[in-house]
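Worksheet: the structure to be examined is printed underneath.
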Amino acid sequence: MSRFSQLAAILIAAAVFLLDTLTTYDIAVAVLYVTVVLLSLNFASRTGLLLIAAACMGLTVLSYMIEHGFDLPSEPLGRCFVSLAAIGISTFLVLRLKTSISVLAESEQRYRTIFLATGVAILEMDFTELKVAIDDFKARGYQSAEAAAQSDPDFVRKAVRLMRLTNANNTTLTMFKAKNIETFKSALPDLVGQDMESSIWGLLAAIWDGKSAYESDTAMNDMNGTRLTILYNVALPADRPALDLVLISIMDVTARREAEDGLHAAQAELAHVTRVATLGELTVSIAHEVNQPLAAVVTNGEAGLRWLKRPQPDLTEVEASLRRIISDAQRASEVIRHLRALASKAIPQTIPVDINEVIEEAIELVQREIMNNRIGVRLELAGNLPAVLGDPVQLQQVVINLIINAIQAMGTNEHKARQLSVTSSAGDDSIRVGINDTGPGFDAGEAANLFNAFYTTKPEGMGMGLSICRSIVSAHGGRISARSEPGLGTSFEFTIPFQKEDA
Ligand code: ADP
């Protein structure tokens, strides 16, 4: 192409020069040099183009000189100027065109480089047939992708086969263990397993609604049948409504997800360990909590026996004693059930939780600690709080940790009131729990470290309590914060979002 253009340009230039010099037509023959300039676009650089344009102008002037010498007849001179202007303007336009072409080529090159070298798998796909199939559903009166899904649940499999792969980068082949594009192309529909179907329905709904992008995480198989956890993004360009060029980028997050799962498992393990440590701190309370009902059982048993041993046994009193024995025994077993839950390694569950119940039970468990430290407790629990979704044992762990910290902080108060107040209230979208003490508080400098693992100012401290509280609260979608007026006390507050009824 470039050689042909070069030859054609030379021939045309020669022909125009001869025609212009040897003939005496009343037209500006030299304007035809514009063709030479246009042809040069195919082979010349910017400087080359300028030189060619200058040569064409030189030839124009040369022809004029050969024909007219230094005479200046007005018509031929006018034609000469018209030709020079035409060559100049076309050169200017061709140079601009050349700039645009090189910008375009550069951007195309950049795209190709990204396409080939990026660590993200990129698939170029043609969804034309899929778009037609979706439009067909619309034409048949279906109002939404869900309605289409209900009438033809198998459509998702057909849809996968209607998505045509046109190109894929090397990362794609490496990620899916494919030898080449052809084998990947034919295997692709089968790599979409059943567990990816709901994600594909999401994509179909996005196309149905005319969205310009869709993102989802799901699982997909590679060509060896290994499951990959992937995050994929589909760009559905609005300027190509036929969807003949759809870009899909895929990130393999299998390793990251495994690491996250490992981290969650480690966190759960740590939460368990700190719970057991908390229980260790609570031994006195626990012994008391269990001992008290057991002592009451004994007392009531003895009383019952005395009523029985009378010459006239008072069966009503015996019955009352037995009932008290039953309720005390139930209390003891209830306490043990709570302790069991706290000490258990059960997998966290997600059930509706009444936060007030969590707080009241926590207070019961630390009752002895509260009494021993002569602490006054004020509970301000809002009525009718909506339930939050979460793990009651974990949430109780948070409340217990915060209360024990408050008790320990106030343990140093010699002459100051020791007042613990626990509040609950409902905000717009979350429940707030406040735990306030009248302890020494903490300095501004300490505030940043409080929630860090292993940060402790206590000789026997582990420094894990607040860090665990924070990870439990954030796993429930909430936040925890601490405020302190040094010398006046500390307020911890955490929020747990609830599901709105109208949501
Ligand atoms: P630990 O109780 O084992 O020290 P935590 O993570 O529960 O671990 O607490 C970390 C630190 O935060 C404590 O050592 C203490 O300095 C500070 N802290 C926690 N609660 C309070 C509080 N109510 N008042 C003052 N300081 C507190």
Side-chain angles (χ1 to χ4, degrees), residues 263 266-286 342-343 358-359 362-363 365-380 393-424 432-476 478-496:
L263 191 67
Q267 270 177 341
E269 186 74 15
L270 204 57
H272 171 243
V273 169
T274 48
R275 268 205 307 268
V276 174
T278 311
L279 285 181
E281 291 179 50
L282 288 176
T283 2
V284 183
S285 283
I286 291 165
L342 275 174
V358 167
I359 296 173
I363 295 271
L365 279 175
V366 293
Q367 195 59 46
R368 188 73 183 171
E369 242 54 38
I370 289 173
M371 273 165 37
N372 283 351
N373 288 282
R374 300 181 316 282
I375 284 165
V377 179
R378 215 179 64 222
L379 283 186
E380 282 176 35
V393 175
Q394 287 196 342
L395 292 174
Q396 194 160 68
Q397 184 180 1
V398 173
V399 177
I400 291 179
N401 275 342
L402 295 178
I403 294 180
I404 290 182
N405 274 348
I407 295 174
Q408 289 175 342
M410 289 188 286
T412 57
N413 284 9
E414 282 304 326
H415 308 292
K416 231 170 56 179
R418 299 174 172 191
Q419 185 70 36
L420 170 74
S421 89
V422 182
T423 60
S424 70
R432 268 167 212 287
V433 176
I435 285 147
N436 312 293
D437 63 58
T438 54
F442 53 82
D443 303 334
E446 274 181 280
N449 296 324
L450 286 190
F451 293 95
N452 289 347
F454 306 119
Y455 174 79
T456 180
T457 53
K458 301 170 193 165
E460 307 284 314
M462 280 217 296
M464 288 308 299
L466 290 179
S467 138
I468 293 289
C469 286
R470 184 168 61 179
S471 63
I472 292 177
V473 169
S474 47
H476 283 78
R479 301 173 73 85
I480 182 165
S481 59
R483 262 183 313 118
S484 166
E485 295 269 343
L488 290 181
T490 304
S491 307
F492 277 90
E493 184 184 272
F494 70 87
T495 59
I496 304 285

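Predicted, not measured: the structure shown is a model, and the values here were computed from it. Just follow the structure's listing: the first ligand is 1, and inside any ligand the first atom is 1. The first residue of the sequence shown is numbered 1, and numbering continues consecutively from there.
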Distance-only donor-acceptor pairs under 3.5 Å for side chains of residues 444-456, two or more places apart:
| unit_1 | atom_1 | unit_2 | atom_2 | d |
| --- | --- | --- | --- | --- |
| Glu446 | OE1 | Asp443 | N | 3.1 |
| Glu446 | OE2 | Tyr455 | OH | 3.0 |
| Thr456 | OG1 | Lys458 | N | 3.0 |

### Query
Can you list the atoms of ligand 1 that are under 4.0 Å from a heavy atom of Met462?
3 (O)
#### Entry: Polar side-chain atom of Arg418 near backbone of Gly411 as donor-acceptor pair, under 3.5 Å
yes
### Task
Within a distance under 4.0 Å of any heavy atom of Leu450, pick out the atoms of ligand 1 and give their elements.
12 (O), 17 (C)
### Task
Report yes or no: does Gly439 have a heavy atom closer than 4.0 Å to ligand 1?
no
### Query
Is the closest heavy-atom distance from Asn401 to ligand 1 below 4.0 Å?
no
### Query
Do the side chain of Lys416 and the main chain of Gly487 share a donor and acceptor less than 3.5 angstrom apart?
yes
### Task
Report the part of Phe451 (side chain from C-beta onward, or backbone N, CA, C, O) that has a heavy atom under 4.0 Å from ligand 1; answer both or neither where that applies.
neither
### Message
I need the atoms of ligand 1 closer than 4.0 Å to a non-hydrogen atom of Thr457, numbered in the order shown.
### Response
13 (C), 14 (O), 15 (C), 16 (O)
### Message
Looking only at distances, can you tell me whether any N or O atom of Thr456, backbone or side chain, sits closer than 3.5 Å to an N or O atom of ligand 1?
### Response
yes
### Query
What are the two closest non-hydrogen atoms of Ala362 and Val399, and how far apart are they?
CB-CG1, 3.8 Å
### Query
Are any of the side-chain heavy atoms of Asn401 and Leu466 separated by less than 4.5 Å?
no
### Message
Checking Glu380 now: which residues fulfil salt bridge (Lys or Arg N to Asp or Glu O under 4.0 Å) with it, not counting sequence neighbours?
### Response
Arg378
### Task
Number the atoms of ligand 1 from 1 as they appear, then name those within less than 4.0 Å of a heavy atom of Gly461, with their elements.
3 (O)
### Message
Pair Ile468, Val398 - check side-chain contact (heavy atoms from CB on, under 4.5 Å), show working.
### Response
CA-CA 8 Å; Ile468 293 289; Val398 173; over 6 Å; no
### Query
Below 3.5 angstrom, do we get any N/O pair linking Asn405 and ligand 1?
yes
### Query
For ligand 1, which atoms, with element, lie under 4.0 Å from some heavy atom of Gly465?
5 (P), 6 (O), 7 (O), 8 (O)
